[in-house]
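All values reported here derive from a predicted model rather than from experimental measurement.
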Amino acid sequence: MSGLRRPAWWSVALTVAGALLFVRLGLWQLHRADEKEALLRRYATSATAPVQAFDRVAAAPPATAYPRVRLSGRYLPGRIYLLDNPKHDALGGVEVYAPLQRPGHARLLLVDLGFLPGNGTDTAPQVPPLPTGDVALQGLYVPPPGVALEMGGDALAQQDRYPKKTVYLDPAQVARDLGRPLYPRLLALDPDPAAIYVRKHTLDFSAMPPSRHRAYAFQWFTFAVAAVVIFLVLHRKRRPRARS
């Protein structure tokens, strides 16, 4: 440190705080990249997983896997929920969910019927009626879509007709709306060529793939290095000019 001038305490504190902040942001970006890659691997593994009975995983699903399950039950008549913010269709559209009643069980299972493409307008696509009678279903037992702060409170409670539309599908709101408890996860049905729904067992990370998180991490780490370099340059001792 003999080549540096004595820095002010506030410049040291500012440099250390800034560098630590940049490093922490970089590590967070790396963590997000690892999380997304792990989710993609889980979906890829589930695509070839053997089918098992739903009761084996219904109440306590494995934290690191999305089991493929088979079960039967009846849809609650007319109870349909539309998620109005899916990102995998340029023309708009909705993800359609319906609660399933299993014989002898108080809990309802929320079933993801799939994505219903729109027509490029603000009008929601027409949802076909639910099947009546017993149905046999097969799909992945997956966590519900993420939720965030919804302006205006519970959107489902403010609607009196079905299908009900929301921009965040909150299982707690759905349970209150139905007056029944739900299973901790939902059933994402397997693709069916005969269905009008689009069913993709993957996650859409096209807007922010893992590689972009790593690029941002490199950027934050670069900022941390730059902060230290700037500090050293500003506090470098200047050589006295030689007299002529």
Tell me whether [Y] is reachable from [X] by hopping between hydrophobic residues (I, L, V, M, F, W, Y) whose side-chain heavy atoms are closer than 4.5 Å.
| X | Y | result |
| --- | --- | --- |
| Ile230 | Leu21 | no |
| Val23 | Phe218 | no |
| Phe223 | Leu234 | no |

(request) May I have the step-by-step check of side chain to side chain contact (heavy atoms under 4.5 Å, CB included) for Thr166 and Asp170, ending in yes or no? (result) CA-CA 9 Å; Thr166 179; Asp170 187 341; over 6 Å; no
May I have the list of side-chain donor-acceptor pairs in residues 6-20 shorter than 3.5 Å, sequence neighbours left out?
from: Ser11; atom 1: OG; to: Ala8; atom 2: N; distance (Å): 3.4
from: Ser11; atom 1: OG; to: Ala8; atom 2: O; distance (Å): 2.7
from: Thr15; atom 1: OG1; to: Ser11; atom 2: O; distance (Å): 2.8

(request) Could you tell me whether Arg176 atom CZ has more than 12 heavy atoms of other residues or ligands within 6.0 Å of it? (result) yes
Let me confirm one number: the [atom1]-[atom2] distance from [X] to [Y], rounded to the nearest 0.5 Å.
| X | Y | atom1 | atom2 | value |
| --- | --- | --- | --- | --- |
| Leu113 | Asp192 | CG | CG | 11.5 Å |
| Arg185 | Asp112 | CZ | CG | 14.0 Å |
| Gln29 | Phe221 | CD | CZ | 9.5 Å |

(request) Applying side chain to side chain donor-acceptor pair (under 3.5 Å), name anything that partners Tyr162, two or more places apart in sequence or on another chain. (result) Asp177
Got a list of side-chain donor-acceptor pairs under 3.5 Å for residues 96-103, not counting sequence neighbours?
from: Gln101; atom 1: OE1; to: Arg180; atom 2: NH1; distance (Å): 3.3
from: Gln101; atom 1: OE1; to: Arg180; atom 2: NH2; distance (Å): 2.3
from: Gln101; atom 1: NE2; to: His105; atom 2: O; distance (Å): 2.6
from: Arg102; atom 1: NH1; to: Asp55; atom 2: OD1; distance (Å): 3.1
from: Arg102; atom 1: NH1; to: Tyr183; atom 2: OH; distance (Å): 3.0
from: Arg102; atom 1: NH2; to: Asp55; atom 2: OD1; distance (Å): 2.8
from: Arg102; atom 1: NH2; to: Asp55; atom 2: OD2; distance (Å): 3.4

With distance as the sole test, does [X] use its side chain to make a donor-acceptor pair with the main-chain N or O of [Y] at under 3.5 Å?
| X | Y | answer |
| --- | --- | --- |
| Tyr75 | Pro131 | no |
| Lys164 | Leu156 | yes |
| Gln138 | Asp190 | no |

Nearest heavy-atom pair of [X] and [Y]: which atoms, and what distance?
| X | Y | answer |
| --- | --- | --- |
| Gly114 | Arg199 | CA-CG, 3.9 Å |
| Pro128 | Leu116 | CD-CD2, 4.4 Å |
| Pro210 | Ala33 | O-CB, 3.6 Å |
| Pro184 | Ala59 | CG-O, 3.9 Å |
| Gly78 | Leu130 | N-CD1, 4.2 Å |

Contact between [X] and [Y] at the side-chain level, heavy atoms closer than 4.5 Å - yes or no?
| X | Y | answer |
| --- | --- | --- |
| Leu71 | Leu187 | yes |
| Thr132 | Pro77 | no |
| Pro145 | Leu83 | yes |
| Phe54 | Leu109 | yes |
| Phe22 | Val228 | no |
| Leu110 | Leu169 | yes |
| Tyr66 | Pro143 | yes |

(message) Using the rule given for side chain to side chain contact (heavy atoms under 4.5 Å, CB included), can you reason through Leu30 versus Trp220, listing the C-alpha separation, both sets of side-chain angles and the distance that settles it, and then say yes or no?
(response) CA-CA 11 Å; Leu30 291 178; Trp220 287 121; over 6 Å; no
(message) For Asp34, is there an ion pair with Arg214 - N to carboxylate O distance below 4.0 angstrom?
(response) yes
(request) Please assess Arg68 against Val51 for the test side chain to side chain contact (heavy atoms under 4.5 Å, CB included), listing each intermediate value before the final yes or no. (result) CA-CA 5 Å; Arg68 169 163 273 105; Val51 179; 3.5 Å; yes
(request) Could you check Tyr197 against Val127 for side chain to side chain contact (heavy atoms under 4.5 Å, CB included), going step by step and ending with a plain yes or no? (result) CA-CA 10 Å; Tyr197 296 99; Val127 181; 3.7 Å; yes
(request) Would you mind telling me which of His31, Lys36, Arg32 makes a side chain to side chain donor-acceptor pair (under 3.5 Å) with His213? (result) Lys36
